[in-house]
Amino acid sequence: MSTDPAEAGPDPAPSAVPSAAVTTAAEAPGRVAVIVPAAGKGERLGPGAPKALRELGGLPLLVHAVRTLVAARSVDVVVVAAPPNPQGLAEVQRLLADLPGDTRVVAGGRTRQESVALALAALPADCDVVLVHDAARALTPVDVVEAVVAAVRAGAGAVIPVLPVADTIKAVDGDQVSATVDRSTLRAVQTPQGFTRDILAKAHAASNPSLPATDDAGLVEALGLPVHTVPGHAEAFKITTPFDLVLAEAVLRRRR
């Protein structure tokens, strides 16, 4: 490892990646990098270590997530944006030191968006496809990673894994229901999200730091560019609350 100082569930949604490319990603010979923003506090998990460093089955969520990424044949380099304080940076470097593959650590920022931008700036120049993955989606299967990379390579400039929404969705005004939303067109979005490097860089350059998006695909949407989908996976859920952590422990025990 080198360093730098500086959610099986419902049937998956069908892929919406077009046959006609809007970018030249399929022609790009460059390598694939994955950015993992891991500087957040994760307050909804309760007091303690930053969310990415909370333990699942005896190992931090971050280690589970990075292990999956380096196991993906298509991934060449992983760049983790760690907590920017010296202790957090050193701890992430220590945790990832023995993992195989090209895994790098940079100091993250105050927000997820800032952390992704900092890691993007630190990527090797020959990485033309960039994925962004939440460390909190620690149990994402390798197949989801490979599907996202393949979709970008096939010509989609921005790709997200999605699942159909199973619950009935209501719009509310205060404590009163104002409408029932048609869930047939709704999808729950997961990570990793994949992009051509130029599109992701343009999206971050044009973003407004005071109006942060909840994901990188949202920044691409703000540019007016299309975002395509591939099937996600129920085990790629985001570990955000103590209940999610209990569920993740159950999934991990079943895998073992």
Side-chain angles (χ1 to χ4, degrees), residues 7 12-28 30-40 69 72 74-75 77-79 81 108-125 127-137 140 144-165 185-233 236 238:
E7 265 159 348
S15 172
V17 177
S19 57
V22 294
T23 72
T24 58
E27 303 167 7
R31 301 194 301 157
V32 176
V34 187
I35 291 170
V36 184
L69 297 172
S74 61
V75 172
V77 57
V78 177
V79 177
R110 294 169 298 173
T111 66
R112 180 188 188 279
Q113 194 166 312
E114 186 177 342
S115 290
V116 172
L118 288 167
L120 182 59
L123 294 184
C127 293
D128 291 342
V129 175
V130 182
L131 276 58
V132 183
H133 186 50
D134 295 332
R137 297 186 187 273
T140 299
V144 177
V145 179
E146 300 288 13
V148 171
V149 173
V152 179
R153 287 293 189 208
V159 180
I160 57 175
V162 300
L163 288 179
V165 175
T185 62
L186 300 179
R187 297 293 183 269
V189 180
Q190 301 179 325
T191 69
Q193 300 184 353
F195 311 88
T196 58
R197 183 175 184 157
D198 61 335
I199 284 180
L200 184 60
K202 288 176 184 176
H204 274 270
S207 66
N208 183 346
S210 64
L211 298 172
T214 56
D215 69 349
D216 296 273
L219 299 179
V220 173
E221 292 168 45
L223 293 179
L225 298 176
V227 175
H228 304 285
T229 67
V230 295
H233 196 284
K238 190 173 185 179

Asker: Can you tell me which residue pairs pass the salt bridge (Lys or Arg N to Asp or Glu O under 4.0 Å) test with a partner in residues 220-231, sequence neighbours excluded?
Answerer: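 Found none.
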
Asker: Show, in sequence, the C-alpha distance, side-chain angles and deciding distance for Val145 and Val75, and conclude whether the side chain to side chain contact (heavy atoms under 4.5 Å, CB included) test is met.
Answerer: CA-CA 9 Å; Val145 179; Val75 172; 3.9 Å; yes

Asker: Could you pull out the closest heavy-atom pair between Gly109 and Leu118, with the gap in Å?
Answerer: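 Closest heavy-atom pair between Gly109 and Leu118: N-CD1, 3.7 Å.
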
Asker: Check this for me, if you would: do Asp216 and Arg112 make a salt bridge, where the nitrogen-to-carboxylate-oxygen distance has to be below 4.0 angstrom?
Answerer: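 Yes, Asp216 and Arg112 are salt-bridged.
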
Asker: State, to 0.1 Å, how close Val165 and Ala188 come at their nearest heavy-atom pair, and which atoms those are.
Answerer: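 Smallest interatomic distance, heavy atoms only, reads CG2-N, 3.9 Å.
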
Asker: Using side chain to side chain contact (heavy atoms under 4.5 Å, CB included), reason through Leu163 and Arg187 one step at a time and then give a plain yes or no.
Answerer: CA-CA 5 Å; Leu163 288 179; Arg187 297 293 183 269; over 6 Å; no

Asker: Do any N or O atoms from the side chain of Asp215 and from the backbone of Gly218 form a donor-acceptor pair under 3.5 angstrom?
Answerer: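 Yes, because the side chain of Asp215 sits within donor-acceptor range (under 3.5 Å) of the backbone of Gly218.
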
Asker: Considering the options Val230, Thr191, Val189, which one meets the side-chain contact (heavy atoms from CB on, under 4.5 Å) requirement together with Ile160?
Answerer: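 So the option named by the test is Val189.
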
Asker: Would you name the heavy atoms of His133 and Arg137 that are closest together and state the gap between them?
Answerer: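 Taking His133 first and Arg137 second, the nearest heavy atoms are NE2-O, 3.3 Å.
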
Asker: Could you state the interatomic distance from CZ (Arg31) to CG (Asp128), rounded to the nearest 0.5 Å?
Answerer: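 The distance works out to 10.0 Å.
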
Asker: Return yes if some donor-acceptor pair links the side-chain N/O of Gln193 with the main-chain N/O of Val132 below 3.5 Å, else return no.
Answerer: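 The answer is no, because no donor-acceptor pair under 3.5 Å joins these two groups.
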
Asker: Could you go through Leu123 and Leu120, starting from their C-alpha distance and side-chain angles, then the distance that decides it, and tell me whether this counts as side chain to side chain contact (heavy atoms under 4.5 Å, CB included)?
Answerer: CA-CA 5 Å; Leu123 294 184; Leu120 182 59; 3.7 Å; yes

Asker: Answer yes or no: is there a donor N or O on one side and an acceptor on the other, between the side chain of Arg197 and the main chain of Cys127, under 3.5 Å?
Answerer: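 Confirmed, Arg197 side chain pairs with Cys127 backbone.
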
Asker: So which heavy atom on Pro161 is nearest to which on Pro192, and how close?
Answerer: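 That closest heavy-atom pairing would be CD-O, 3.0 Å.
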
Asker: What pair of heavy atoms forms the shortest contact from Leu219 to Ala213, and how long is it?
Answerer: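 In terms of heavy atoms, the two residues are closest at CD2-CB, 3.6 Å.
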
Asker: Does some side-chain heavy atom of Lys202 sit less than 4.5 Å from a side-chain heavy atom of Ile199?
Answerer: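 Answer no - side chains too far apart.
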
Asker: Between Val130 and Ile35, does the side chain to side chain contact (heavy atoms under 4.5 Å, CB included) criterion hold? Intermediate values first, please.
Answerer: CA-CA 7 Å; Val130 182; Ile35 291 170; 3.8 Å; yes

Asker: Which pair of non-hydrogen atoms, one from Val32 and one from Ser74, has the smallest distance, and what is that distance?
Answerer: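 Scanning both residues completely, I find the closest heavy atoms to be CB-O, 3.2 Å.
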
Asker: Once you round to the nearest 0.5 Å, how far does CG of Leu225 lie from CZ of Phe195?
Answerer: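 So the gap between those two atoms works out to 11.0 Å.
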
